[in-house]
Structure formats: structure tokens, C-alpha cells
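The structure displayed is predicted, hence computed values, not measured ones.
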Amino acid sequence: MAQAEPRSVVIIGGGIVGCTTAYYLTHHPSFISSRTQVTLLEASAHGAAQGASGKAGGLVARWAYPQPLVDVSFDEHVRLAELHGGPDRWGWRYVGCGSWEGRAEAVPETPPEENGADGEADSLSGRRKSLEKTLGLEGGKPPKKKTKKATGLPSDLTWMAEDLTDAYSPMAPHGDTAQVHPYFFTTSMLAFAQEKGAEFTQGKATRIVIEDGGVTGVEYCDPSTQSEQHLLPATHVILATGAWASTLLPALPVTGTRAHSITIRPPKHHLPLAPYVLFTEITLPRDVGRGTRRRGTTHASPEIYARPGPDGEVYACGPGDDAPLPPCVDDVVVDQEACDNVWRQVRGVSRVLRAGRVHRRQACYLPTVLGSRAGPIVGDARQVARGLVVAVGHTCWGISNAPGTARAISELVMEGEIRCADLRSLQPSLFF
Ligand SMILES: Cc1cc2nc3c(=O)[nH]c(=O)nc-3n(C[C@H](O)[C@H](O)[C@H](O)COP(=O)(O)OP(=O)(O)OC[C@H]3O[C@@H](n4cnc5c(N)ncnc54)[C@H](O)[C@@H]3O)c2cc1C
């Protein structure tokens, strides 16, 4: 019997979706026998995971959405962590996750921190948007109010001020919520794929080449010269460009919402911090301000994540805004004031974190799906071209849902159909 033609798969985008897809393709049982070649093309001059996939919180949840993808993804996260030493390599662990409601106290300003700023200051733009993680829970309910003596605050959650807590309630049973450090997870997936032969190419894709109804390659420009065009021949093209999806395929209803985050290093004598991720609802005193005004008071809802590791890093992110998507991930502008606001809010509710220092101030674009149908958009886009596969629009759950997405896409490319889950509700033809 004649051997099938070798496949040349080009993945566009080195975020968690692209890198994890490279991992699953190169670890597929028929990867070697099928003589498949995998190339990952990433626009950033700084390597993989420079966008949302390196700057997200890293929550992994059984209560995320959409369910068919969650069912595969959570178990795959567990398997990958066991197989590759996830706790040491990317900070995999189970966490307590709860909604915390309370008041911030006004705290005097501290001098500028140890500062890993990732960009230049600019003015804070526009409306604030929720990142919508709690939509997966029934109605995203607020915590039940309790008496002051019985706020429900777990006894080991000592890094939040008890006297400023009004109510705490767990959001999911133990074992249903975990975390990863998204940068280390993503770059580990890429490294494992490279060990099996995947190529990493730095360059910005400018066109998916389609001939006779099928993909034949990807044109890209080298970031060092900008002008020079190169061609990567391809039998399959996987579009995994996150918020930038519509720049190559304008029909895709995907855009981006900018969100800021900071990382804080608490004083060493407070470490280790108990492993919790908190969805907060903070009432701010006037001078902590800059939240959303509601019924005469000002509120803010930063998410706060304790992370493992020797520095005991804590991550906190604020709401989204309307800043337009820049041409490249390396051009994302960090608004220092938006980062300052998150820091003021966190300092107002945690005396432990207040004694620490801000290590990083950063911004990234959450991929969002426009229209009434919820994303992500995952599957065969043969209505555009044979061999074109789409894996974009992962909204606030791309870290959690990347392994299920990647496994499904690897099955589609290597076996001709998705077997691990019923993802018909996410198929591209329903979106464009
Ligand atoms: C503040 C914040 C917190 C979050 N927290 C969580 C969380 O706790 N848990 C969770 O599950 N999810 C979380 N998310 C969501 C998650 O980060 C995203 O869904 C996920 O990172 C999307 O991954 P991606 O690979 O699709 O996109 P990205 O990470 O944006 O990667 C896309 C890549 O494509 C590249 N690219 C774009 N265009 C081109 C081109 N033309 N040529 C070559 N390369 C190109 C970009 O440079 C980029 O590296 C959070 C998001 C934000 C903003």
C-alpha cells in the first residue's frame, strides 16, 4: 500500500492554544509514522507566551465553560501535571477558590516599587469590563452575608484581613479548582513539542495561502527586517492567534479586551501563603477610588491568586477596558494608572500583601467572541479552505481549556475527526 503524503502543519500563534496544540500533535501516536512536520509561527520578538497566555491568572476549573471542552481539559491538565512534573515545572496545584466581600482601608502611598513594567504609561481609557469568569457558576452569585463574627473566612486564609472581611464563600468543592503558572505551562508545552521535533519560527503571518480550495502555505514577515516575506509550505494551517484572529481571517467574530495585572512579592517571613484564588467585591474608601460607582459607594473586583514557588508570588488582575488591539503583542501598552489601581485595592484589603512589593505591571488582550454565540471557536474551517483549522476565542478560560482544545485539534489533523469530545457547538461554520 502506498504511504500517505507527509503532513506539514503550520500553527500560527505561540500562546497557550498554539503551544499546547504543538505538544499534542508531536505526542500523537502516529506522529512519527505519518511523517508529520510541525512548525509554530509566533509574531513576538520575545518568544512564546507574550500575550494573555503569559499574563493570565492561571485558574483551571471543572466549573469553567463550555462543558464539553472543560470535561476533557481538566483531566488532561491533571495528566500532564503527573506526567511532566507540573507542580515543579509550572506550579500546578489544587487551590481553594472563593468569593470574598469586604472593605478596603485607605493606605498611604509607598515609594515606587521594584518594577517589572512591561510597557510605557498611557492614559486609562474607557469603560470597565468584567472578565466574566464567574459566569460559569450558577448566576455568578455573590457570597451570602454573614454576621461579622462568622464571615466564613477559612482559618488558613490569613493573608486577607479578617476585620475587613464581610463575607466569604467557597465557589466550588475541593478538587474542582486548580492553578498553573500560565507562562511556565505554555513554554513547557512548546519545549516538549520541540524535543519531539516541532520547529519554532519567529515571524508575523501576513497571509494564509489558499489554492484550489485548500491551504498551501503561510506567508510571514521576519520581525527583524519587517519587509521581507517568507513562505512556510503547509498541508494544514491551525489559526491560534487569540485576540488577533480576525486580522488573518476577517470573517472571524473575535476581538480583544485589554486587561491589566500586577504580581506582588510578599515579605519572605509570611511565606508560604495559603493556596487560594479570590474573586473579590471590595468597597473602597474615597481615596482608594477608581472603581465602579454603585449606589453612592465605589466598588472594585480584582481577582487575587496566591501562587506557589520560592517568591510566593501573588497575582492580581483588574477589569478590562476598550483600548484598541495593537498590531502585535509586543506593542501592547501598559497603563501604569490601571496597575496602580489594582495595587491600591489589594493593599487596602491585605496587610500581608501591603508589606510586599510589586514585581510586575503588565497588560494583555483577552480574546472575546462577538455576537450571541459563546466561544471558543474550535474545529475545521473547510468552508474557507481544506486544511484550515481554527482554535480561537477562548475568552476568560483559555488556560483551563487549552489542553482539551489542543487534544481535539490534534485528533482532527491526525485522525480526520475530533473523538475526545463532542465539540459540534464550537465548530467554525456556526460562527462565520
Ligand atoms: C487578565 C486575564 C486573566 C486571565 N485569567 C485566566 C485564568 O485564570 N484561567 C483561564 O483559563 N484563562 C484566563 N484568561 C484567559 C486566557 O489568558 C486566554 O483565553 C488565553 O491565554 C488565550 O490563549 P491564546 O493562545 O488563544 O491567545 P494568546 O495568548 O493571545 O496567544 C496568541 C498568540 O498569537 C500570536 N499572533 C497573533 N497574530 C499573529 C500573526 N499574524 N502571526 C504570528 N503570531 C501571531 C500573538 O503574538 C500571541 O502570542 C485570562 C485572561 C486575562 C486577560
Side-chain angles (χ1 to χ4, degrees), residues 11-27 38-61 64 69 73-74 76-81 83-93 116 118 178-196 198-202 238-245 256 259 261 263 305 307-309 313 315 317 328-330 332 360 362-367 376 378 391-410:
I11 302 168
I12 311 175
I16 194 165
V17 174
C19 292
T20 311
T21 300
Y23 172 92
Y24 277 87
L25 284 168
T26 52
H27 289 71
V38 174
T39 305
L40 190 145
L41 183 64
E42 166 54 46
S44 173
H46 308 291
Q50 298 301 312
S53 301
K55 297 179 172 105
L59 202 63
V60 173
L69 209 44
S73 293
F74 196 94
E76 286 295 308
H77 264 295
V78 173
R79 189 179 69 80
L80 291 170
L83 193 62
H84 295 295
D88 291 331
R89 195 154 177 159
W90 56 80
W92 164 265
R93 66 176 179 181
D118 279 2
Q179 74 180 158
V180 297
H181 190 304
Y183 177 82
F184 294 123
F185 179 86
T186 303
T187 50
S188 296
M189 289 297 110
L190 177 61
F192 293 136
Q194 287 177 297
E195 277 170 21
K196 295 275 184 182
E199 298 279 341
F200 181 86
T201 300
Q202 192 189 329
I238 299 170
L239 190 69
T241 45
W244 286 269
S261 54
T263 63
Y305 300 59
R307 285 178 168 166
E313 179 175 284
Y315 168 96
C317 65
C328 175
V329 70
D330 293 343
V332 173
R360 277 186 188 283
Q362 55 197 15
C364 62
Y365 280 78
L366 178 83
V378 178
V392 298
H394 283 71
T395 66
C396 60
W397 284 118
I399 305 301
S400 204
N401 284 332
T405 303
R407 183 172 160 189
I409 296 297
S410 72

- Message: Please find the pair of heavy atoms, one from Ala243 and one from Pro367, that lie closest to each other, and give the distance.
- Response: N-CB, 3.7 Å

- Item | Heavy-atom check, side chain of His77 versus side chain of Phe185, under 4.5 Å | yes

- Item | Any side-chain heavy-atom pair of Val38 and Ile11 under 4.5 Å | yes

- Note on the structure: Sorted by chain and residue number, the side chain to side chain contact (heavy atoms under 4.5 Å, CB included) partners of Thr201 (sequence neighbours excluded) come out as Thr39, Leu41, Tyr220

- Query: Among all residues two or more places apart in sequence or in another chain, which pass the side chain to side chain donor-acceptor pair (under 3.5 Å) test with Ser44?
  - Reply: Asp330

- Message: If the condition is side chain to side chain donor-acceptor pair (under 3.5 Å), which residues does Tyr305 pass it with, not counting sequence neighbours?
- Response: Lys133, Glu303

- CH2 of Trp397 to CG of Leu366, rounded to nearest 0.5 Å, is 11.5 Å

- Item | Side-chain touch Ser410/Thr21, heavy atoms, less than 4.5 angstrom | no

- Message: If the condition is side chain to side chain donor-acceptor pair (under 3.5 Å), which residues does Ser261 pass it with, not counting sequence neighbours?
- Response: Gln362

- Answer yes or no: is there a side-chain heavy-atom contact under 4.5 Å between Val17 and His394? yes

- Item | Validation row: Lys55, Pro182 side chains within 4.5 angstrom (heavy atoms) | no

- Go through the structure and list residues passing side chain to side chain contact (heavy atoms under 4.5 Å, CB included) with His84, not counting sequence neighbours. Tyr23, Leu80, Trp90, Phe192

- Query: What are the two closest non-hydrogen atoms of Val392 and Ala240, and how far apart are they?
  - Reply: CG1-CA, 4.2 Å

- Under the side chain to side chain contact (heavy atoms under 4.5 Å, CB included) test, which residues partner Thr186, sequence neighbours left out? Ile16, Cys19, Ala49, Ser53

- Got a second to check how far Phe200's CZ is from Leu40's CG, nearest 0.5 Å? 6.0 Å

- Can you tell me how far the NZ atom of Lys196 sits from the NE2 atom of His27, to the nearest 0.5 Å? 4.5 Å

- Task: Taking the side chain as every heavy atom from C-beta outward, state whether Trp244 and Val329 have any pair of such atoms under 4.5 Å apart.
- Result: yes

- Query: Residues in side chain to side chain donor-acceptor pair (under 3.5 Å) with Asp88, at least two apart?
  - Reply: none

- Message: Can you confirm whether Ile238 sits close enough to Ile409 that some side-chain heavy atom of one is under 4.5 Å from a side-chain heavy atom of the other?
- Response: yes

- Item | Partner residues of Glu76 under the side chain to side chain contact (heavy atoms under 4.5 Å, CB included) criterion, sequence neighbours left out | Tyr24, Val72, Arg79, Pro403, Arg407

- Task: Check the pair Ile399 / Leu59 against side-chain contact (heavy atoms from CB on, under 4.5 Å), numbers first and verdict last.
- Result: CA-CA 7 Å; Ile399 305 301; Leu59 202 63; over 6 Å; no

- Under the salt bridge (charged side-chain N to carboxylate O under 4.0 Å, His left out) test, residues paired with Arg307 that sit two or more places apart: Glu313

- Item | Whether Glu195 side chain and Ala193 backbone form a donor-acceptor pair below 3.5 Å | no

- Message: Tell me if a side-chain donor or acceptor on Thr241 pairs with a main-chain N or O of Gly13 at a distance below 3.5 Å.
- Response: no

- Message: Minimum heavy-atom separation for Gly14 and Glu42, please, with both atom names.
- Response: N-OE1, 2.6 Å

- Taking side chain as C-beta onward, heavy atoms only, is Gln179 less than 4.5 Å from Trp92? no

- Note on the structure: Heavy-atom nearest pair, Gly404 first then Ser73, reads N-OG, 2.9 Å

- Residues in ring-ring contact (aromatic ring centres under 6.0 Å, His included) with Phe184, at least two apart? His181

